[in-house]
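A, B, ... follow the sequence lines: proteins, then strands. Residue 1 opens every chain. Heavy atoms only: backbone and side chains are in, while hydrogens, waters and symmetry mates are out.
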Amino acid sequence: MDVSHLLDALNAEQRQAVCGEHGHYLVLAGAGSGKTRVLVHRIAWLLEVDRVSPFAVLAVTFTNKAAGEMRARCEQLLDVPSRGLWVGTFHGIAHRLLRLHFREAGLPENFQIIDSDDQLRLIRRILRDQSVDEGMFPPRQMQWAINHHKENGRRAEDVDPGDNRRDQQTLAVYAEYERQCRRSGLADFAELLLRSHELWLEQPALLAHYQERFRHLLVDEFQDTNTIQYAWLRVLAGDSASVFVVGDDDQSIYGWRGARVEHVQKFQQDFANTHLVRLEQNYRSTSNILTAANALIANNPDRLGKNLWTEETGGDKVKIYAAYNEHDEAEFVIARIQEWLDEGQRADDSAILYRSHAQSRVFEEALLRRDIPYRVYGGLRFYERAEVKDSLGYLRLTVNRDDDAAFERVVNTPTRGIGERTVGMVRHQANADNSSLWQAAQKLITSQTMNGRARNALAGFLSLIDALEHDLVDKDLGDQLQFAIEASGLIEHYEKEPAEKAQTRRENMAELINAGRYFKPGEDQAELPELSAFLAHAALEAGEGQAAQWEDCVQMMTLHSAKGLEFPLVFLAGLEDGVFPHERSLESSDRLQEERRLCYVGITRARQHLYLSFAETRRMHGRDHRRQASRFLSELPMDVVEEIRPRIAVSRPGLGYQQPAPDIGDLGLGDAVSHHRFGVGVVLDCEGMGPSTRIQVHFEDHGAKWLVLSHASLERL
DNA sequence: AACACCGCGTTTTTT
DNA sequence: ACGCGGTGTT
């Protein structure tokens, strides 16, 4: 058989992983070493050479994007049909299992998925109903605690309440939250994993079935697995499946949301006779960039050890720019991008990366001034927008009347005279009966305990939903969405908002209808009614944040969202201690190491040109901060970096880039000053050196002004 | 029910 | 600085 198409493009180590005998594999794959390629080729090898049935293969990733990419690449590479092959996210696959075995899992057939926003609302509601002090127990912390328990496989009743008041309160809320989810047929994200894990433990026959079926489990980005995902994998693997995991401990950047790098080490103990393969040849970056990355990450202890190398020698040095402030930094970056564009290069081959979203603004302003198109990643995603969730809320109720999250959301949106009092009565009744809000509302209407007006309004809402369900029968998905949006009154509701806002709302609702028209259920949802499949899709796959992807524009994103991407020209901005590494990560060594890995991820995004920059002064949260250059800069070897515009007293790497503050005499930021023309003001900022030193003063009567210090004749007050 | 005001938090993000 | 959410006013 000709297997050359599976092996030709691979190096020796990659081949070792792709065509090795069956068994467990731990592939430590450095950045840019062809990790996804290896995974996809392994699948192709199993199917085409080893003649493994596609039904025996399960490939898992973390994001929908990665899953989609893997599926597409498989289909492209494979000659044999891939029907039956399961490729998906942990959550997607858990969801599929629960739909198939909802009875055994103790879920209603039409259970719905709630996103973190719905979850938070539910928790807020519970805190109020139980009159828990939200100051003492912030809802977000409660949410985190509940998810943390679930991610560690713990139900409320499994946890020892102990004698800590705080833990007890948390547990009480957790228990109530579980109760409400059960009664309304709702599952949050963590629930999908926990429930399907329990399903296997409690239904040995079912587990045996899947263990017999899936002889080959493959996992991408293995370093990102959390406790329940790892447990899930172990249970499914049993004693006989072959488990093939690919990951990079140096790119573990999600510890703060439960990912455990330790699983990489643990894997070798838990899965006997694991073949260890290291992919260290990098096909992305020049050697100067790689040398910088290697040197940086070498400062982390406890690594499994890996050194990237490349056949590409030399290349540009890594440029470091010391900016006066964030505006200077942005100007510098944009000027380099302008040069890049002037060379005829593509804008979308360049990326500005930063630690936190707030840093994007200054760059956006600078790009706008120069009319350079850009795209900022992150932000509200399509299916998370209020008008979209409202529209879907109506449809969710037609599918499952007990969906309390949807009920709460749309019962009085648009306003239809069902105020807080009325909804309060419904909640009270539901809690008393342990029923859903819908059932409680029905009961209240028939029992005549409500005054006429509220009762009519509530009854009107219930019949609206009933009628809606009736009217949706036999319509196709797009028409169903359109009908629901029109019947709900949401269009008129949003028309009352300011024109510009109403416009985007309209567009989004139109886009939702459009999404319905083009929706094609995946193979894994073929069993579901179309509407249910669409609702699950909306919850599990929230969609891109911004459109206009196809336009050629400068890419801007956080370092976290840059993982997995690559660009010829990369700017890593805000390299100051306190910004990056983030100040909240400075106290613990573990967190600092994760920040360093994040920096490593950032550096290894660059193919040819890498600029690192920091600002001596940066305005954040309305205050000025004067910070040291990031410690990460001093960890880079001198011979691969080049300082741009080196200035007097720039220290050598190793001592940090300590800069003397611009000399503004005896003035300091925040000082009150008086000016002969502008009157009294406060010093906000300063920049520049020597005679060009400028100072920014916010005057009470004239606003903020930049003044050249030597001409300003300011008087300190 | 719509609107104004006040106080708080503010790293990273996917499902 | 800024936006969001909760509270209070008309």
Assess whether a salt bridge exists between A:Glu495 and A:Arg505, defined as any Lys/Arg side-chain N lying under 4.0 Å from an Asp/Glu carboxylate O.
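Salt bridge absent between A:Glu495 and A:Arg505.
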
Does a side-chain N-to-carboxylate-O contact under 4.0 Å join A:Asp250 and A:Arg597?
no

Does [X] put a side-chain nitrogen or oxygen below 4.0 Å from OP1 or OP2 of [N]?
| X | N | answer |
| --- | --- | --- |
| A:His582 | B:dT10 | no |
| A:Asn64 | B:dT15 | yes |
| A:Ser585 | B:dT11 | no |
| A:Arg584 | B:dT10 | yes |

Quick one: the side chain of A:Ser116 and the base of B:dT15, do they pair up donor-acceptor inside 3.5 Å?
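Donor-acceptor pair under 3.5 Å: yes.
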
Give the minimum heavy-atom separation between A:Tyr600 and A:Ala293, together with the two atoms involved.
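Looks like CD1-O, 3.5 Å.
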
Minimum-distance nucleotide (side-chain atoms of [X] versus [options]):
| X | options | answer |
| --- | --- | --- |
| A:Trp256 | B:dT15, B:dT12, B:dT11 | B:dT12 |
| A:Asn412 | B:dT15, B:dA1, B:dT13 | B:dA1 |
| A:Lys496 | B:dT12, B:dA2, B:dT10 | B:dA2 |
| A:Glu595 | B:dT11, B:dT15, B:dT13 | B:dT11 |
| A:Arg381 | B:dT11, B:dA1, B:dT14 | B:dT14 |
| A:Tyr254 | B:dA1, B:dT10, B:dT13 | B:dT13 |

Could you check whether [X] gets within reach of a base, just the sugar-phosphate, or nothing at all, counting any heavy atom under 4.0 Å?
| X | result |
| --- | --- |
| A:Arg361 | sugar-phosphate |
| A:His357 | sugar-phosphate |
| A:Arg124 | sugar-phosphate |
| A:Gly88 | nothing |

Rounded to whole Å, please give me the gap between [atom1] in [X] and [atom2] in [N].
| X | N | atom1 | atom2 | answer |
| --- | --- | --- | --- | --- |
| A:Arg140 | B:dT13 | CZ | P | 13 Å |
| A:His537 | B:dT15 | NE2 | C1' | 13 Å |
| A:Gln119 | B:dT13 | CD | P | 18 Å |
| A:Ile93 | B:dT14 | CD1 | C1' | 15 Å |
| A:Ile228 | B:dT15 | CD1 | C1' | 14 Å |
| A:Met620 | B:dT12 | CE | P | 9 Å |
| A:Arg257 | B:dT13 | CZ | P | 9 Å |
| A:Leu120 | B:dT15 | CG | P | 19 Å |

So which one's nearest nucleotide on DNA chain B is more toward 5', A:Leu192 or A:Arg355?
A:Arg355

Assuming nearest nucleotide by heavy-atom distance, tell me which of A:Phe90 and A:Ile418 is located more 5' along DNA chain B.
A:Ile418

Would you say the side-chain atoms of A:Gln223 and A:Glu221 include a donor-acceptor pair closer than 3.5 Å?
yes

Nucleotide interval of DNA chain C bounded by contacts with chain A (heavy-atom cut-off, under 4.0 Å)
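Result: C:dA1 to C:dT7.
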
Looking at side-chain heavy atoms only, is the closest gap between A:Pro521 and A:Leu528 below 4.5 Å?
no

Under a 4.5 Å cut-off applied to non-hydrogen side-chain atoms, are A:Val554 and A:Arg375 in contact?
no

Check the orientation of A:Trp144 and A:His148. Use parallel for under 30°, tilted for 30 to 60°, and perpendicular for over 60°.
parallel

Is the distance between the ring centroids of A:Trp200 and A:His101 less than 6.0 Å?
no

Check the pair A:Phe111, A:Phe102 against ring-ring contact (aromatic ring centres under 6.0 Å, His included), reporting the backbone distance first and the verdict last.
CA-CA 9 Å; A:Phe111 75 89; A:Phe102 64 90; 8.0 Å; no

